[in-house]
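Each ligand, and each atom within it, is numbered from 1 in the order the structure gives.
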Amino acid sequence: MRSTLVLVQSQWLLCVFVGVCVPSVVVIHSLPWHVSCPAQCVCQIKPWFSSESVYHEAPTVDCNDLLLTELPLPLPQNTHTLRLQSNLLSELESAVLCSLPNLTELDLSQNHFSSIRTITQSSSLPSLLSLHLEENRLNHLPEASFSSLPALQELFLSHNSLYSLAPGAFTGLDSLLRLHINNNRLTTIDPRWFRALPRLEVLMLGGNPVEVLPERGFQALGSLRSLVLSGMGLRSLAEKALEGLDGLESLSFYDNLLTKVPTQALKRVPGLKFLDLNKNRIKLVETGDFRDMVHLKELGLNNMEDLVSIERAALENLPELTKLEITNNPRLSYIHPQAFLQLSRLESLMLNSNSLSALHRHTLLSLPSLQEVSLHSNPLRCDCLFHWAAEPQATLCSEPPELRARRVKEVSTREMAASCLPMIPHAPLPSYVGVREGGSLTLHCRALAEPQPKLYWVTPSGLRLGPAPSHVSNHTPDLAPYLSRTASEGSNHTSSQPSLDVREVGEHYAVLSWQSGHNLPSTQLSWQAIYPNAHTPTYTTRILAGTQSFNLTHLHAETFYSVCLHLGSSEGVAHTSRRTRESTKPQCVSFRTKEAPEPKPSLQLSPELTSTALTLLFVAVILLLLAGQGWDTVPGEEAGKHHSALLQWIKSHKSQIINQKTEGSSEHQPKQSVKLSLHLDC
Ligand SMILES: *[C@@H]1O[C@H](CO)[C@@H](O)[C@H](O)[C@H]1NC(C)=O
Ligand SMILES: *[C@@H]1O[C@H](CO)[C@@H](O)[C@H](O)[C@H]1NC(C)=O
Ligand SMILES: *[C@@H]1O[C@H](CO)[C@@H](O)[C@H](O)[C@H]1NC(C)=O
């Protein structure tokens, strides 16, 4: 049942983009037509549909695939449709065609025509509505190429070699409704071409190497309903590129090089109902990218290699949107819980075949009309699927290992965790990035977790690059001010010490917290029970970089403890190197645990990350080894020589996850002369 539905829908979508809905089931059969038919051709009365889909019985001469080099004769005088596809024609005797007053459709596709004049010169075909010239050898259209075809409604010129069109090439085509000129060699769009086409409804321009659309290039096309601009190499869109397309309903940018949603240009086509942005280089769908497009019904964001994230309010106030497809995006690992706002009529949400490990329940709670969701072929984590049960039967879990290959639906709520630690997906992060000194670098990382995680970056030397602690509630902070401050303070690192506080003390536990701008990856906590006249062991634990609180558990009740925080000690506390000891003095505090009726002695260590709002996440990605010491602004002649020194390879995040030991981390303090400006979007 469902597959039938999907088939019909996609067919509908396709024909909307193409612009005409050919009835998919034609029950009417051909009828015999008793005329003297040219040799080898077939003459029949065939069904024919006008551009308004009105049915006609059309006397049809079918001479396809006959290797003809000239017109077959005699052609019956009342021929309505003449098919000459796949022959070897390069010229037409116009007098022959002129004797066919009712000729309505002429198919000359897949022949050898190299000049349009050989087809349209002198012969006026007042009834011709449809002319097929696909896959010929046309390379130029002179002025008024089709002026002898005053009634023409459909002109098919795709897959020729057209590289130049005279400004008035289409003059006289006042009735033209459909123009296919896709897959030619046009490199620019001349707005003058379209002035002659006031009634045009469908324009297919894709597959021409046009990298830039002119401003107001389509202004004359006020009647256009469907525009296909696929496969053109468009990198961006001028704000006024779509100006004047007041009737546009369907727009396709399939397979271009757009790196952003062309929001400003799209604002000029408020009537848009169908938008295809599939297969572009869009990295982020950002806040407000699709806002207030009040007629939009269907949106496609599929097959994007670079798409990593759908941000908060990326789709907002689209009251007519019923179908949203975001599929086959191999790096898409994050959809903000409030990515979709005010989509009151969204019925179908396709999210299959991405890199999503989870979908927050808020994402779906905001969609009151939702009927169908597809999430299959994602690396779903079934320990924290946010208790969401709308998923169809077949979807399988990929994480955690014990639930792998189970059906999402069959995993009970009991088996899911109440809280859900964030997981940094690997897909969005590149393994290697080359950055020039003084250049800029943008890396995106996102993670879903419950409670909401805070994300920031830590360099291999332990330098935290994330939002300053005072902006902790800001989900998408602008890091630039913080980063510049961090860089300039790099050498002042030693003088800022964290202060270690005891936040809460129980009978058997104590919660410690500290503030530090520098969170070295090898931070350790040590603690010791203090008894008069007794030697007690010292325990140490490694602190995950970025963590700013720790719950010491399994303590004795009614006992004094001394706890110290060691920043940047890469070995155990006892073996701290001289250098490290110099640069970071441990911070210590003491406290006494509470009284308990029956203290149960146990000194076992069970470090648990306090997973309150302070659940922190960290990734160390950036290696800022700026080898070019004393490197200053590059004069041109020297640039080539130093080029290789300028490229600093940033290592794979995988090798730099902070939980690992980072040898000699204190050696890699950023130099004051750092000129690399980073934009980390985390
Ligand atoms: C052309 O079509 C009209 C109307 O269908 C018809 O009356 C007329 O006879 C046709 N002309 C020829 C030459 O067949
Ligand atoms: C280092 O930082 C502290 C406060 O963070 C400041 O008071 C001090 O002046 C700085 N020293 C230098 C050399 O910048
Ligand atoms: C710390 O751990 C103890 C024992 O597991 C627990 O009772 C307490 O609630 C924890 N405190 C925090 C703030 O997580």
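- Of all the heavy atoms of Glu504, the ones lying under 4.0 Å from any atom of ligand 3 belong exclusively to the side chain.
- Interface atoms of ligand 3 facing Val511, defined by a heavy-atom separation under 4.0 Å, are 11 (N), 12 (C), 13 (C).
- Between Phe146 and Phe170, the ring planes are parallel. Angles under 30° get that label, and only those over 60° would be called perpendicular.
- Less than 4.0 angstrom separates some heavy atom of Asn102 from each of these atoms of ligand 1: 1 (C), 2 (O), 3 (C), 8 (C), 10 (C), 11 (N), 12 (C), 14 (O).
- Under the 4.0 angstrom criterion, atom 4 (C) of ligand 1 counts as lacking any protein heavy-atom contact.
- Of the options Pro101, Ser99, Ser127, Pro76, the smallest heavy-atom separation from atom 13 (C) of ligand 1 is shown by Pro101.
- Glu105 and Trp48 form a side-chain donor-acceptor contact under 3.5 Å, judged by distance and modelled atom types alone.
- Considering only heavy atoms from C-beta on, Leu129 stays 4.5 Å or farther from Leu152 through its side chain.
- Atom numbering of ligand 3 starts at 1 in the shown order; those under 4.0 Å from a heavy atom of Thr553 are 2 (O), 4 (C), 5 (O).
- Here the side chains of Val35 and Cys43 are in contact, with some heavy-atom distance below 4.5 Å.
- Ligand 3 has an N or O atom lying under 3.5 Å from an N or O atom of Asn551, backbone or side chain.
- Distance remark: protein heavy atom not present below 4.0 angstrom from atom 9 (O) of ligand 1.
- For the pair Asn87 and Thr69, the minimum side-chain heavy-atom distance is 4.5 Å or more.
- A donor-acceptor pair under 3.5 Å links the side-chain atoms of Thr559 to the main chain of Ala557, judged by distance alone.
- When each atom of ligand 1 is checked for a heavy atom of Asn78 under 4.0 Å away, the hits are 12 (C), 14 (O).
- For the pair Lys594 and Glu507, the salt-bridge criterion is not met [side-chain N within less than 4.0 Å of a carboxylate O].
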